[in-house]
Amino acid sequence: SAETGHLVFATLHTPDAPQAINRIIDVFPAHQQGQVRSQLSLLLPYVLSQKLLQRSAQRGGGRVLAVEILNITPGIRNIIRDDKTEQILSLMQTGAEAGMQTMNQALAQLYKTGDITYKQAMQHTTDKKDMERIIHGDRC
């Protein structure tokens with residue numbers, strides 16, 4: 001559908017955007033995965049990963065959304081096409097100018113604004129060392 005110009009939304013249960021791309025590719029037989037990588041690299045504009053978290057009591061309770069954003073830039077397209085998705089996270093970490101944000105960056109921002117607690121940020125991260133580095137800077 002996307003190849004014919006239609007807007008397509010899909011949901012997957014994955015912890016982050018790079019793993020979502022891998023899951024899409026892995027659905028196909030090995031002999032088709034190269035073609036699928038090529039098609040995805042051309043057709044996929046963004047991948048969003050989201051977590052709905054309990055807002056801290058200090059901010060009035062309720063829920064708050066943490067969003068990871070992967071903008072499929074030309075560099076990301078090449079990584080997908082060349083089957084080097086393990087490099088995506090590092091490009092996301094430095095891709096703020098392109099509108100990218102890792103889940104850890106989103107969680108750290110919510111912690112810094114008081115929307116979530118430190119404990120929540122650490123519970124929802126997949127990389128505690130990276131989260132510590134983001135929250136506390138280079139002191140870690």
**Student:** Among residues two or more places apart or on two chains, list those pairs meeting side-chain hydrogen bond (donor to acceptor under 3.5 Å, both in side chains) that have a residue in residues 34-47.
**Tutor:** Glu3-Gln39, Ser41-Arg81
**Student:** Rounded to the nearest 0.5 Å, what separation is found between the CD atom of Gln105 and the NZ atom of Lys112?
**Tutor:** 9.5 Å
**Student:** Please determine whether residues Val27 and Ile25 belong to a single hydrophobic cluster, defined as Ile, Leu, Val, Met, Phe, Trp and Tyr linked transitively by side-chain heavy-atom distances below 4.5 Å.
**Tutor:** yes
**Student:** What pairs with Thr113 under side chain to side chain contact (heavy atoms under 4.5 Å, CB included), at least two apart in sequence or on another chain?
**Tutor:** Gln109, Asp115
**Student:** For Ala106 and Gln101, which heavy atoms make the closest approach, and how far apart are they?
**Tutor:** CB-NE2, 3.3 Å
**Student:** Just jot down the side chain to side chain contact (heavy atoms under 4.5 Å, CB included) partners of Pro29, sequence neighbours excluded, or say none.
**Tutor:** His31, Gln32
**Student:** Please name all residues satisfying side chain to side chain contact (heavy atoms under 4.5 Å, CB included) with Ile79, sequence neighbours left out, ordered by chain then number.
**Tutor:** Lys84, Gln87, Ile88, Leu91
**Student:** Please check this pair: side chain of Asn71 against backbone of Gly99, looking for a donor-acceptor N/O pair closer than 3.5 Å.
**Tutor:** no
**Student:** With sequence neighbours left out, which residue pairs that include part of residues 62-78 fulfil the salt bridge (Lys or Arg N to Asp or Glu O under 4.0 Å) condition?
**Tutor:** none
**Student:** If every non-hydrogen atom of Thr117 is compared with every non-hydrogen atom of Ser56, which pair is closest and at what distance?
**Tutor:** CG2-CB, 4.2 Å
**Student:** Show your working on side-chain contact (heavy atoms from CB on, under 4.5 Å) between Ile72 and Ile80 and close with a plain yes or no.
**Tutor:** CA-CA 9 Å; Ile72 310 299; Ile80 293 169; 4.2 Å; yes
**Student:** Could you grab the distance from atom CG of Leu107 to atom OG1 of Thr102, nearest 0.5 Å is fine?
**Tutor:** 8.0 Å
**Student:** Test of understanding: with side chain to side chain contact (heavy atoms under 4.5 Å, CB included), list the residues that count as partners of His6, not counting sequence neighbours.
**Tutor:** Ser1, Thr4
**Student:** What's the separation between atom CD1 in Ile21 and atom CD1 in Ile76, rounded to the nearest 0.5 Å?
**Tutor:** 7.5 Å
**Student:** Are Val64 and Ile134 co-members of a hydrophobic cluster defined by side-chain heavy atoms under 4.5 Å apart?
**Tutor:** no
**Student:** Look up atom CG in Leu70 and atom CG in Leu44, then write down how far apart they are to the nearest 0.5 Å.
**Tutor:** 7.5 Å
**Student:** Give, for atom CG of Leu110 and atom NE2 of His124, the distance between the pair rounded to the nearest 0.5 Å.
**Tutor:** 10.5 Å
**Student:** Taking ILVMFWY side chains as joined if any heavy atoms are under 4.5 angstrom apart, and letting links pass through other members, which residues group with Leu42?
**Tutor:** none
**Student:** Which hydrophobic side chains are connected to Val8, either touching it within the sub-4.5 Å cutoff or through other members that do?
**Tutor:** none
**Student:** Cluster question for you: counting only ILVMFWY and a side-chain heavy-atom cut-off of under 4.5 Å, with indirect links fine, are Leu40 and Leu12 together?
**Tutor:** yes
**Student:** So does Gly62 get a backbone contact from the side chain of Gln54, meaning a donor-acceptor N/O pair under 3.5 Å?
**Tutor:** yes
**Student:** Side-chain heavy atoms under 4.5 angstrom apart, residues restricted to Ile, Leu, Val, Met, Phe, Trp, Tyr: same cluster for Leu65 and Ile116?
**Tutor:** no
**Student:** For Thr125, what residues pass the side chain to side chain donor-acceptor pair (under 3.5 Å) criterion, not counting sequence neighbours?
**Tutor:** Asn104
**Student:** Which pairs pass ring-ring contact (aromatic ring centres under 6.0 Å, His included) with one or both residues in residues 81-119, sequence neighbours excluded?
**Tutor:** Tyr111-Tyr118
**Student:** Pairs in or reaching into residues 13-26: which pass side-chain hydrogen bond (donor to acceptor under 3.5 Å, both in side chains), with residues at least two apart or in two chains?
**Tutor:** Asn22-Thr85
**Student:** Can you measure from OG1 (Thr73) to CD (Glu97) and round to the nearest 0.5 angstrom?
**Tutor:** 12.0 Å
**Student:** Counting C-beta onward and ignoring hydrogens, is there a side-chain heavy-atom pair between Met122 and Lys128 closer than 4.5 Å?
**Tutor:** yes
**Student:** Less than 4.5 Å apart, any side-chain heavy atom of Ser49 and any of Met103?
**Tutor:** yes
**Student:** Are Ile69 and Ile24 connected into the same hydrophobic cluster when the rule is that any two of I, L, V, M, F, W, Y join if their side-chain heavy atoms are below 4.5 Å apart?
**Tutor:** no
**Student:** If every non-hydrogen atom of Gly114 is compared with every non-hydrogen atom of Arg59, which pair is closest and at what distance?
**Tutor:** O-CG, 2.9 Å
